[in-house]
2 protein chains.
Amino acid sequence: MNELTPIEAYCAPQLARAQKRSRRQVAKSLPLDTIIEGDCIAAMARMPDKSVDMIFADPPYNLQLGGDLLRPEGSKVDACDDEWDRFESFAQYDDFTRDWLTEARRILKDDGSIWVIGSYHNIYRVGSLLQDMGYWLLNDIVWRKTNPMPNFRGTRFTNAHETMLWCSKSEKSKYTFNYRAMKALNDDLQMRSDWSLPICSGGERLKNDEGEKVHPTQKPEGLLYRVLLASTKPGDVVLDPFFGTGTTGAVAKRLRRRWIGIEREEEYIAAARERIEMTLPLDESNMVTMAEKRSAPRVAFGLLVESGLVPAGTVLMDAKRRWKAVVGLDGSVKCGEHQGSIHQVGKLVQGAPSCNGWTFWQVEEKGELKPLDIWRQRHLGGL
Amino acid sequence: MNELTPIEAYCAPQLARAQKRSRRQVAKSLPLDTIIEGDCIAAMARMPDKSVDMIFADPPYNLQLGGDLLRPEGSKVDACDDEWDRFESFAQYDDFTRDWLTEARRILKDDGSIWVIGSYHNIYRVGSLLQDMGYWLLNDIVWRKTNPMPNFRGTRFTNAHETMLWCSKSEKSKYTFNYRAMKALNDDLQMRSDWSLPICSGGERLKNDEGEKVHPTQKPEGLLYRVLLASTKPGDVVLDPFFGTGTTGAVAKRLRRRWIGIEREEEYIAAARERIEMTLPLDESNMVTMAEKRSAPRVAFGLLVESGLVPAGTVLMDAKRRWKAVVGLDGSVKCGEHQGSIHQVGKLVQGAPSCNGWTFWQVEEKGELKPLDIWRQRHLGGL
DNA sequence: GACGAAAGTGAATCTTCGC
DNA sequence: AGCGAAGATTCACTTTCGT
């Protein structure tokens, strides 16, 4: 039998209600881990408000370079070359974009986030509309292709990147960003806004029986791996309204996220189903990532004094032994005329705007100075 | 007698012809090689139709900054909070942008081109408006900063790039693109749409008598060097409507292009005048400052995990099988209570001052232990 | 003067919780 | 809602200072 902490006991009744409510609302209307066949605007319209944690969208890039521009209802726009018609095309692309982003916004949770990938043909339309609609741009991420197609005619720079826009639903959203995991993935340096990754080719690229590629713009799994690891938690619901051959679904399944795909083309759907069927989720024991310190429970310094881990009378010093402070019975510390919390006193003696007492103050152990934070870790480990 | 570099040799025949043509046509109406003091919209309004060959614009970014930002050690970030970067809304910023782009379009020659640089705060507004107005997007160029400011709070990806949009006046324009010069500049490989360059600092960064930077956002000359070399011919007229401290003018003079700058702030104008005065044209100038850093992105261990080459869950051992560690989703590894990068954990388990995880950790393959470095080599080979 | 340690800095939409 | 306190957080350079 499990012991409940006071906080857990307090929350338990609400938790049960919320889970039941959540299951009731969502289970019947959210088709988890499946592909919905049809137009994404219509399909999203059938989904409940604020029900998905993250959206990854790879919409048609559109426009003048031979790619078809499709109206929301699916008919094809005739390509025209004169200026008036070009304006018409942009306007129609904008309408289409506004429509699907509106549904996406409605079904996205308030603390959810959205990614949209595109090239220079469409990404400036998308970015501008995202901002107009109240989405809050967090980063624009450059996917730097290590092996792009050259510009055969030598008329421009080799178009060697695509752009992803990452937005929270609003400025105040508490979006998910797994900072430590991203830092770990990049050899202990902050992950930057430019990512170098090869395009999808070789064994990863889906081919049909004739050896032709099934989808013209299949994205590499490495890209989605990073996107999902950065901005979702295990179990989160990820929606891809332009599912194609299901890269988002395959990586989501591998990383134990839930996924929903929407796709119109039967051929893509069939390929995606087979692909995801064959994908295995990672073993739960291998789902380890660097934990965010922010989500660890707070520990009051007084608790360590109370438990005897850092007894009253212990002498604290900063790393350079410029200041010494003594721990009081109540977890306050005293340094000369300053008295207060470890943070307060650290701040005052330095004359700094703020101070994290856990890392500022050190205790001598076997002749070595070690930050107080070590004792906090021991305390957390002992719980 | 001077030896000509390949780039100079390429440009030489055009030089004489272009300079002669340029002097004849333009000299009487355009204030060449000077700075116009005042608002750029009003100043452009006084210039004749179709009179400049290229426009480089570094408009306000509309950063929308909040309060102060402190570094971890407590010092304050010197933010770009100048009055000229404050706009009330996206709509107001769009109006401003549309207004200056309209004048720019009028005075640009039909076969001319325009560059606009920005960050995610403004570039999607600018790109969308450029397209709406009939400009034809040729490339979006990513300036990948080799030494960006970190994200001090760990809240997002490090914002490590800015974007330049390069447009011709219309789809049918015969714009200038010096393909071979760009290829020569890039070790005989096609120049890509992503450029790695350091930010402007050191001796190149203009300081006032108090040692403060004169302009908050001075661009590196290396950036303008590429822009001008790619899209103008010697003798061409280059306009910079947001001249600042005159990087465009300095590089234009060095590359023997004609230039016009428009700037409102007297302090910037004075600094720009002095700077350009001191700049020498091509032959005599010291080309060393143009050296570009072509820092090849290092291989992070996380990349091997992401790509599936060393999947999460893989067991690592040291050569004598004293320690075992397991690879996590984010490329962190875990060995007992230690978790972190391959280097960190290798260091901790040995109690050593440092450790090269690539050679310390081994993976068993066909009964044999092989150092991780082998997988790094395989990855590099596969790129 | 040479060398190493320490301080300074760059277009930045940069926290969260409880009262 | 606004406030105060707790607590989390940096990379690649250049310049300055001390020995």
Side-chain angles (χ1 to χ4, degrees), chain A residues 131 135-140 166-168 170-172 174-175 177 179-180 183 186-193 292-302 320 331 340-347 353-361 371-373 376, chain B residues 58-82 84-87 90 117-123 143 145-163 198-205 207 211-213 215-220 242 244 293 295:
Chain A
Q131 290 180 312
Y135 287 101
W136 190 245
L137 211 26
L138 298 169
N139 280 114
D140 55 346
W166 181 39
C167 301
S168 60
S170 72
E171 184 177 354
K172 300 298 176 201
K174 291 179 189 146
Y175 56 91
F177 178 52
Y179 172 74
R180 311 290 310 196
K183 193 172 172 177
N186 194 38
D187 261 11
D188 263 358
L189 291 175
Q190 289 191 339
M191 186 72 82
R192 304 167 36 114
S193 57
E292 300 294 326
K293 262 195 172 173
R294 285 189 179 94
S295 53
R298 287 190 168 207
V299 176
F301 179 60
K320 293 181 183 168
S341 72
I342 49 173
H343 316 290
Q344 284 283 342
V345 174
K347 186 176 92 171
S354 75
C355 169
N356 181 345
W358 291 110
T359 50
F360 177 71
W361 293 111
L372 262 189
D373 203 43
R376 179 165 60 164
Chain B
D58 182 10
Y61 286 10
N62 186 23
L63 284 186
Q64 312 162 72
L65 300 178
D68 287 345
L69 176 61
L70 299 181
R71 299 164 200 272
E73 97 286 355
S75 70
K76 206 170 99 180
V77 172
D78 184 17
C80 177
D81 51 5
D82 303 69
W84 51 255
D85 194 45
R86 283 197 281 270
F87 296 82
F90 283 130
I117 185 168
S119 66
Y120 69 85
H121 307 85
N122 71 323
I123 202 67
W143 168 27
K145 302 180 184 183
T146 55
N147 51 349
M149 186 158 74
N151 180 299
F152 294 115
R153 292 301 168 86
T155 55
R156 305 179 180 188
F157 297 97
T158 305
N159 194 11
H161 73 277
E162 295 188 24
T163 302
I199 58 176
C200 182
S201 66
E204 191 187 325
R205 188 82 196 226
K207 305 273 173 64
E212 302 157 330
K213 57 192 177 193
H215 194 284
T217 70
Q218 186 183 337
K219 295 296 176 287
F242 305 94
K293 301 208 174 175
S295 60

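Here is how names work: the chains are called A, B, and so on, in the same order as the sequence lines, proteins then strands, and each is numbered from 1. Everything numeric in this text was worked out from a predicted model, so none of it was measured.
- Separating the C1' atom of dT13(C) from that of dA12(D) is a span of 23 Å, rounded to the nearest Å.
- Residue R192(A) is out of contact with every strand shown, counting any heavy-atom pair closer than 4.0 Å.
- Along DNA chain C, the nucleotide nearest P59(B) and the nucleotide nearest N151(B) are compared for position; the residue whose nucleotide lies closer to the 5' end is P59(B).
- When heavy atoms are screened at a 4.0 angstrom cut-off, S119(B) is found touching no nucleic acid atom at all.
- A close approach under 4.0 Å does occur between a side-chain nitrogen or oxygen of R153(B) and OP1 or OP2 of dT15(C).
- Using a 4.0 Å heavy-atom distance criterion, L138(A) is classed as making no nucleic acid contact.
- With a 4.5 Å cut-off on side-chain heavy atoms, P216(B) and W84(B) count as touching.
- As a whole-Å value, the separation of M191(A) CE from dC14(C) P is 21 Å.
- Here the separation of dC17(D) from dG1(C), taken at their P atoms, is 16 Å to the nearest Å.
- Separation of atoms CZ (R192(A)) and NZ (K145(B)) is listed at 10.0 Å; rounding is to 0.5 Å.
- Contact between the side-chain N/O atoms of Y179(A) and the OP1/OP2 oxygens of dT10(D) is found at a separation under 4.0 Å.
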Quiz item: What would the secondary structure line of DNA chain D be in dot-bracket form, counting Watson-Crick and G-U wobble pairs under 3.5 Å, with [ ] for pairs that cross earlier ones and | for pairs with another strand?
Solution: .|||||....|||||||||

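- R86(B) places a side-chain N or O within donor-acceptor distance of the main-chain N or O of D81(B), the cut-off being under 3.5 Å.
- Its glycosidic angle being more than 90° from 0, dT16(C) falls on the anti side.
- Residues W136(A) and Y175(A) keep their aromatic ring centres 6.0 Å or farther apart.
- Between Q64(B) and F90(B) the shortest side-chain heavy-atom distance falls below 4.5 Å.
- Residues passing the side chain to side chain contact (heavy atoms under 4.5 Å, CB included) test with L63(B) are Y61(B), L65(B), C80(B), D85(B), S119(B), H121(B), sequence neighbours excluded.
- For dT13(C), the base has a donor-acceptor partner in the side chain of R156(B) [N/O atoms by modelled type, under 3.5 angstrom].
- Taking atom CD1 of I342(A) as the reference point, atom P of dG7(D) lies 6 Å away to the nearest angstrom.
- Between Y120(B) and S193(A) the shortest side-chain heavy-atom distance does not fall below 4.5 Å.
- For W166(A) and dT13(C), the CH2 to C1' distance is 13 Å, given to the nearest whole Å.
- For R376(A), the side chain to side chain contact (heavy atoms under 4.5 Å, CB included) partners are V299(A), W358(A), D373(A), L380(A), not counting sequence neighbours.
- Nucleotides dC14(C) and dG18(C), compared at atom P, are 23 Å apart to the nearest Å.
- With distances taken from any side-chain atom of Y120(B) to the nucleotides dT10(D), dT13(C), dA8(D), the minimum falls on dT13(C).
- Checked by atom type and distance alone, the side chain of Q190(A) pairs as donor or acceptor with a backbone atom of N151(B) at under 3.5 Å.
- Taking the side chain of K174(A) as heavy atoms from C-beta on, and the options dC17(C), dC14(C), dG7(D), the nearest nucleotide is dC17(C).
- dT9(D) atom P lies 12 Å from atom CZ of F177(A), rounded to whole Å.
- In this entry the distance linking CH2 of W143(B) with C1' of dA11(C) reads 9 Å, nearest Å.
- Scanning both residues, P60(B) and F87(B), for their nearest heavy atoms gives CB-CE1, 3.8 Å.
- Out of dT13(C), dT9(D), dA11(C), the shortest distance to the side chain of N356(A) is found at dT9(D).
- Comparing dC14(C), dT10(D), dA12(C) against the side chain of N159(B) picks out dA12(C) as the nearest.
- For D140(A), there are no salt bridge (Lys or Arg N to Asp or Glu O under 4.0 Å) partners at least two apart in sequence or on another chain.
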N/O contacts under 3.5 Å, protein versus nucleotides 6-10 of chain C?
unit_1, atom_1, unit_2, atom_2, d
dG10(C), OP2, K213(B), NZ, 2.7
dG10(C), O5', K213(B), NZ, 3.1
dG10(C), N7, R71(B), NH1, 3.2
dG10(C), N7, R71(B), NH2, 3.0
dG10(C), O6, R71(B), NH1, 2.5
dG10(C), N2, N147(B), O, 3.3
dG10(C), N2, P148(B), O, 3.0

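- dA7(C) and dT10(D) are spaced 14 Å apart, taking the C1' atom of each and rounding to whole Å.
- Heavy atoms of D58(B) sit under 4.0 angstrom from at least one base atom.
- With rounding to whole Å, L372(A) atom CG is found 11 Å from dG7(D) atom P.
- Residue Y135(A) comes nearest to C167(A) through the heavy atom pair CB-CB, 4.0 Å, listed as atom of the first residue, atom of the second, then distance.
- Here dA8(D) presents its C1' atom at 12 Å from CD of Q190(A), a figure rounded to the nearest Å.
- Separation of the F301(A) and W361(A) ring centroids does not fall under the 6.0 Å cut-off.
- Rounded to whole angstrom, the span from the CD atom of E204(B) across to the P atom of dT15(D) amounts to 12 Å.
- When heavy atoms are screened at a 4.0 angstrom cut-off, P220(B) is found touching no nucleic acid atom at all.
- Residues V77(B) and F152(B) meet the side-chain proximity criterion, which asks for heavy atoms closer than 4.5 Å.
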Enumerate the protein-to-nucleotides 2-6 of chain D contacts in which both atoms are nitrogen or oxygen and the separation is below 3.5 Å.
unit_1, atom_1, unit_2, atom_2, d
dA6(D), OP1, S341(A), OG, 3.3
dA6(D), OP2, S341(A), OG, 3.3

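- For a distance-only test at 3.5 Å, the side chain of K145(B) fails to qualify as a donor-acceptor partner of the base of dA12(D).
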